[in-house]
Protein chains: 2
Amino acid sequence: MEETDRAIVAALTADGRLSYTDLAEKVGLSVSAVHQRVRRLEQRGVIKGYAARVSFEALDLPLTAFVAIRPFDPSQPDDAPERLAHLPEIDSCYSVAGEDFYLLLVRVAGPADLERVLQEIRTAANVTTRTTVVLSTPYENRPPKISAEQPNRARSRAPEERAGSSAG
Amino acid sequence: MEETDRAIVAALTADGRLSYTDLAEKVGLSVSAVHQRVRRLEQRGVIKGYAARVSFEALDLPLTAFVAIRPFDPSQPDDAPERLAHLPEIDSCYSVAGEDFYLLLVRVAGPADLERVLQEIRTAANVTTRTTVVLSTPYENRPPKISAEQPNRARSRAPEERAGSSAG
DNA sequence: TGTGAAATGTACAGGGT
DNA sequence: ACCCTGTACATTTCACA
């Protein structure tokens, strides 16, 4: 991916409602060119969508917790993510290496709700849970790094290097 | 917060680029009214901003990991979040209950990068690390629940209930 | 809530590398 | 052939009453 595309993605992760006018100014392109590139990035799946970042406290979801789960019976087929997908309190589901099978991020209104959700998780996926309560969130979902494309020395080499071998 | 506001927030978490026209249609209000409400939600901090949802694989950040940290010397002042904030590989930082002090979510290009970031975390915050590699992500950052405001039985009770008991 | 002017989004056709 | 540019029109934003 080109550097201009990376600049566009970086700008849109920081502010997803940037106008094409501002975006064009930021990356030094015309409005039409930026518009085309954004559409291409969306089609290619690099940009998967847009979302409002909200205050979970204001939405009456002040309690966040990580829930590590592992199957009660490891011989059964492992389809926990699908079995749990219907629970709206689950924000994210990660399949992880290590002792646990999955790590869930859940957001609830309070301890009573957490207890209920944990029970629902256990019965829905037939798993045991180990819960870590989040006390505060210094920062979350920051814009990603987006470095300049790493040189990838295997495919494109500097001209001086090319002299040695044939292959073309 | 009113139900209409909740509907607005729910719609914008699902699609942050919804036009006010579409938004007004969804919640059954005039365009101007929706526009005003969104501005108020933004001012009140309920809506903190907007962001593009991106494919981290496409951005050359295919490796995600959770890094639990605890201080090497627990008697020192605990300012790990500030000390680590400059590392762009850290997506999120949660202060947690339990054995560990913080749980970090990091995104990197590969194992070599992860090793480098772990070393930087240890030296920058004077902590030990315990890392859990993410193998896959069935889902992540789903739109939150956004229920209709819960009745809050302590303050407003149904008429039938009021007869029987005193003081809860 | 409705109106209207200004800004923006979007498609189209032309031109440069 | 691809990508950038500029113009022209539909839509949206946003302040005001």
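Naming convention: chains lettered A, B, ... in sequence-line order (proteins, then strands); numbering from 1 in each chain.
- Residue-to-nucleotide proximity on DNA chain C shows that, of A:Gln36 and A:Arg17, the 5′-proximal contact is made by A:Arg17.
- Between A:Arg39 and C:dA11 there is a side-chain N or O to OP1 or OP2 distance below 4.0 Å.
- Between B:Glu42 atom CD and D:dT13 atom P the separation is 11 Å, expressed in whole Å.
- Heavy atoms of A:Ser19 sit under 4.0 angstrom from primed sugar atoms or phosphate atoms, though from no base atom.
- For A:Leu41 and D:dC3, the CG to C1' distance is 14 Å, given to the nearest whole Å.
- Residue pairs meeting the ring-ring contact (aromatic ring centres under 6.0 Å, His included) criterion with at least one partner in residues 86-105 of chain B, sequence neighbours excluded, are A:Phe66-B:Tyr94.
- Note on B:Thr21: a side-chain N or O is less than 4.0 Å away from OP1 or OP2 of D:dT12.
- For the pair B:Val31 and A:Ser32, nearest-nucleotide mapping onto DNA chain C gives the more 5' position to B:Val31.
- Of the side-chain N and O atoms in B:His35, one or more sit less than 4.0 angstrom from OP1 or OP2 of D:dC14.
- A straight line from OH of A:Tyr20 to P of D:dT7 spans 21 Å, rounded to a whole angstrom.
- Residues satisfying the salt bridge (Lys or Arg N to Asp or Glu O under 4.0 Å) criterion with A:Asp91, sequence neighbours excluded, are A:Arg107.
- Atom pair B:Glu25:CD and C:dT1:P shows a separation of 15 Å (rounding to whole Å applied).
- The environment of CD in B:Glu99 is sparse: at most 12 heavy-atom neighbours from other residues, nucleotides or ligands sit within 6.0 Å.
- The CD1 atom of A:Ile8 sits 13 Å away from the C1' atom of D:dC3 (whole-angstrom rounding).
- If you check the side chains of B:Glu57 and B:Ser55, you find a donor sitting under 3.5 Å from an acceptor.
- With rounding to whole Å, A:Leu29 atom CG is found 14 Å from D:dG6 atom C1'.
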